[in-house]
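This report concerns only the one structure given below.
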Amino acid sequence: MEWANKQEPRLPMIIFSNRDCSIRPILIGTVAVVLIALLTPYSDLVMQATWVGLTSFPISAFFVLCALVGVNPVLALRRKAFKPAEMLLIYTMALVAAGIPSFGWTGLLIPYLAGPFYFATPENNWAQILHPHLPKFLFPQQRETAVWLYEGLPRGLTIPWHDWLLPLMMWTMFGFCVYAVFFCLSALLRKPWVEQERLVFPLMQLPLQMGGVTKSEQPFFRNLGMWLGFFTAFSIHAVNGLRYYFPWLPSVNVHLIPLDAYFPDRPFRAITPFWVRILFSIIGLAYLLPLEISFSLWFCYFAFLAQQVIADWWGVPLKNVQAYPVKDFVAHQMFGGIIVYALYSFWAAKGHWQIVLRKAFGRNIANDSDEAIPYSVAFCGIFFGLMLIVLWGWKAGAGLIWTLAIFVLFFLTHLVAVRLVCEGGMLYVQHPFRPINFLLAMFGSSGIGTRHLPMLVLFDHLLMLDNRSPLMPCVVQGLKIADEAKIQRRQVIAAMGFSVALAMLLSYFAYLRLMYRHGGNNLHFWFTTYYTRNLYCTWTAHLLTVGEPANPKALITMAIGAATMLGLIFMHRNFLWFPVAPVGYLMGASWPMINFWFPIMLGWAIKALVLHYGGGKLYRRSLPFFLGLIFGEFFSAGFWVIVDLFTGVRGHVIFSF
């Protein structure tokens with residue numbers, strides 16, 4: 001393939017330099033975090049609008065940056081304009097805070113703590129099956145606390161804060177330990193990923209352009225191509241947005257075009273769900289990626305679909321994994337590949353990790369004074385953070401060994417997810433086969449023990465199941481921004497840590513106040529009910545009553561995935577002509593790829609044609625148009641959320657993932 005060997009141009013170089021940031025961006029960033037923590041639950045629960053806290057490039061944080069860019073010319077008239085470094089520091093604070101009030105923490109935690117008690121009925125018998133295994137100090141104990149949360153607070157009564165105080169304190173301690181490990185891992189990964197491997201960080205290219213730290217032939221906001229891309233995406237979402245207000249207007253279906261009806265029979269019925277989403281932001285992000293990565297993403301997706309077709313043709317039973325429309329044998333292969341790739345990544349950077357270990361034990365004089373966290377502190381933070389998590393899990397009834405196993409596997413697989421964001425530009429990554437599934441395949445539910453399963457499954461569902469508002473990719477991307485904008489790394493890491501803590505505490509207040517005021521049954525079903533009742537309680541009760549046996553066949557399929565990943569790594573490292581990168585296999589046929597395959601393939605095809613016929617010069621000239629597509633789509637989402645907030649409209653979703 002000619003395009004696979006074609007030399008691609010590098011993204012523009014960063015030339016801005018400013019290491020002095022005053023207290024002003026910290027104060028403005030704090031205000032932004034407060035607004036995000038208080039308003040995101042309202043948008044998710046009451047407005048039921050586009051999820052602004054989702055992904056590693058959250059709409060709420062991006063809209064904060066848009067507001068700063070918009071107000072800066074006015075401030076410049078009074079000589080008080082923000083410096084690029086100041087704007088980007090504020091953005092990093094909003095970036096890490098955006099997901100906390102949503103899928104990142106509070107949006108799942110509160111329903112998980114009350115739902116098992118509210119949804120328990122004599123028919124499902126959850127009171128006898130689940131409740132004995134849920135520690136009292138981790139859950140509110142009064143029946144009215146859960147009932148009022150879902151049915152609304154009776155007039156004249158106040159929110160039972162006293163019943164929430166101890167559980168939220170304990171879960172906050174647990175969350176801080178997990179996040180401490182995230183921050184320390186991010187600090188240790190910065191150098192090999194940013195300086196040595198020079199990953200692309202596609203999601204941060206637009207903020208860097210908007211912040212004014214990137215050298216280009218023409219200023220970003222004066223580029224006609226950028227505005228053409230912006231209005232291409234914005235105008236289509238504007239038409240669809242206006243139709244929500246005026247139903248007689250026409251619309252353009254870019255949200256979801258189902259294709260399943262064209263494949264009703266065997267064996268092609270096995271590819272369902274199969275649809276097209278026209279996401280302009282994903283087209284733009286795919287255009288930023290190296291061709292081999294964008295090609296590998298959609299190619300491996302179809303390779304897994306081909307496996308499903310062949311399996312159905314042979315009469316192999318096709319079963320989905322728990323919680324995802326992903327076939328189990330596909331998910332097993334992906335998990336095997338993820339474990340191998342994670343271990344390989346550590347081996348490939350062994351020189352860096354040797355320095356870290358020597359520094360941690362005082363046997364190396366390497367200078368780490370400019371790192372976000374000193375190597376020795378980061379190493380100790382990971383070790384003691386993990387030990388505290390294990391002790392917390394043991395006290396909660398999950399067991400020492402099982403808590404250690406599930407979190408070691410979680411951090412290992414999560415590193416791969418973070419890598420996919422930073423290298424592959426994925427807005428989010430969801431592993432359909434997770435550490436709890438691996439442990440069940442290895443030992444079965446009886447081997448793990450019924451007394452441990454409820455808390456282990458809760459760990460899984462809170463942190464690992466729906467990881468669409470991940471913190472760690474945002475922290476790593478924040479450190480990338482610090483390097484490019486020449487902001488002191490320790491200033492950035494401290495600001496991000498403060499933002500996470502503030503967002504967590506404020507979002508508790510916002511979430512509980514909204515649910516008690518409106519009643520969870522009247523709010524967004526997906527947040528208040530689906531995860532806690534349909535997924536956690538139902539599956540955990542199944543594991544405790546029916547159980548799941550160990551699954552040796554799953555281990556064999558994982559071994560096949562591991563062997564395939566070894567082959568892909570070998571071919572990719574040793575043969576330049578080999579067009580498939582390992583990252584494509586890691587994403588496989590997961591939920592993100594079910595949604596993103598078409599725009600990724602479209603972005604790849606356009607870039608391949610541009611490079612083939614116009615070379616690097618045409619690519620650089622066309623790049624602003626595709627950045628404009630990202631800008632236009634995400635600005636549209638934030639714009640309509642603001643409009644709907646003031647008009648009182650409910651259920652208006654611009655696009656979803």
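Throughout, residue positions are numbered sequentially from 1 according to the sequence presented.
At a threshold of 4.5 Å between non-hydrogen side-chain atoms, the residues L206 and F220 count as touching. Taking 4.5 Å as the limit, some side-chain heavy atom of L297 sits within range of a side-chain heavy atom of L289. Counting only heavy atoms from C-beta outward, the side chains of F183 and I493 approach each other to under 4.5 Å. Side-chain atoms of I236 and F280, non-hydrogen and from C-beta on, do get closer than 4.5 Å to each other. In this structure, the side chains of F411 and M472 stay at 4.5 Å or more apart for every pair of heavy atoms.
For R277, the CZ atom is densely surrounded, since the number of other residues' heavy atoms within 6.0 Å is greater than 12.
Ring to ring, F63 and F639 are not that close: their centroids are 6.0 angstrom or more apart. If you look at F631 and F234, their ring centroids are not closer than 6.0 Å. Aromatic rings of Y428 and F596 (six-membered ring for Trp) have centroids within the 6.0 Å cut-off, being under it. Aromatic ring centres of Y619 and F626 lie farther apart than the 6.0 Å criterion allows. When ring centroids are compared, W227 and F230 come within the 6.0 Å threshold. For an aromatic pair to be called close, the ring centres must be under 6.0 Å apart, and H237 with F635 fails this.
Checked against D483 for a salt bridge (Lys or Arg N to Asp or Glu O under 4.0 Å), the options K191, R489, R198 give a single hit: R489. No option in C422, S56, P473 other than S56 meets the side-chain contact (heavy atoms from CB on, under 4.5 Å) test with L203.
Here S376 contributes atom OG and D368 contributes atom CG; the two are 6.5 Å apart, rounded to the nearest 0.5 Å. Distance check, rounded to the nearest 0.5 Å: CD1 of I59 to SG of C66 gives 11.0 Å. A distance of 11.0 Å separates CZ in F182 from SG in C474, rounded to the nearest 0.5 Å.
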| side chain to side chain contact (heavy atoms under 4.5 Å, CB included) between Y244 and V649: does it pass, once the steps are laid out? | CA-CA 9 Å; Y244 201 84; V649 166; 3.3 Å; yes
| Between F410 and V181, does a side chain to side chain contact (heavy atoms under 4.5 Å, CB included) hold up when you go through it step by step? | CA-CA 12 Å; F410 168 57; V181 175; over 6 Å; no
| said: Under the criterion side chain to side chain contact (heavy atoms under 4.5 Å, CB included), I'd like the reasoning laid out for I26 against L89: C-alpha separation, chi angles, the key distance, then a yes or no. | reply: CA-CA 8 Å; I26 301 296; L89 178 58; 3.8 Å; yes
| task | Before giving the answer on salt bridge (charged side-chain N to carboxylate O under 4.0 Å, His left out), spell out for E197 and R419 the whole-Å C-alpha distance, their side-chain angles and the decisive distance to 0.1 Å. | result | CA-CA 11 Å; E197 297 185 58; R419 172 86 183 210; 2.6 Å; yes
| said: Assess the residue pair V475 and Y179 against the criterion (side chain to side chain contact (heavy atoms under 4.5 Å, CB included)); give the C-alpha distance rounded to whole Å, side-chain angles, the decisive distance to 0.1 Å, and a yes or no. | reply: CA-CA 10 Å; V475 176; Y179 290 164; over 6 Å; no
| said: As a quick check of understanding, evaluate ring pair (Phe, Tyr, Trp, His ring centres under 6.0 Å) for W51 and F527, giving each step before the final call. | reply: CA-CA 11 Å; W51 290 337; F527 286 95; 5.6 Å; yes
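Taking every heavy atom of both residues into account, G53 and S469 meet most closely at O-OG, 2.9 Å.
Side-chain contact check for N240 and H255: no donor-acceptor pair (N or O, by modelled atom type) lies under 3.5 Å.
Taking the ring centre of F82 as origin, the terminal cationic atom of R24 falls inside the region bounded by 6.0 Å and 45° from the ring axis.
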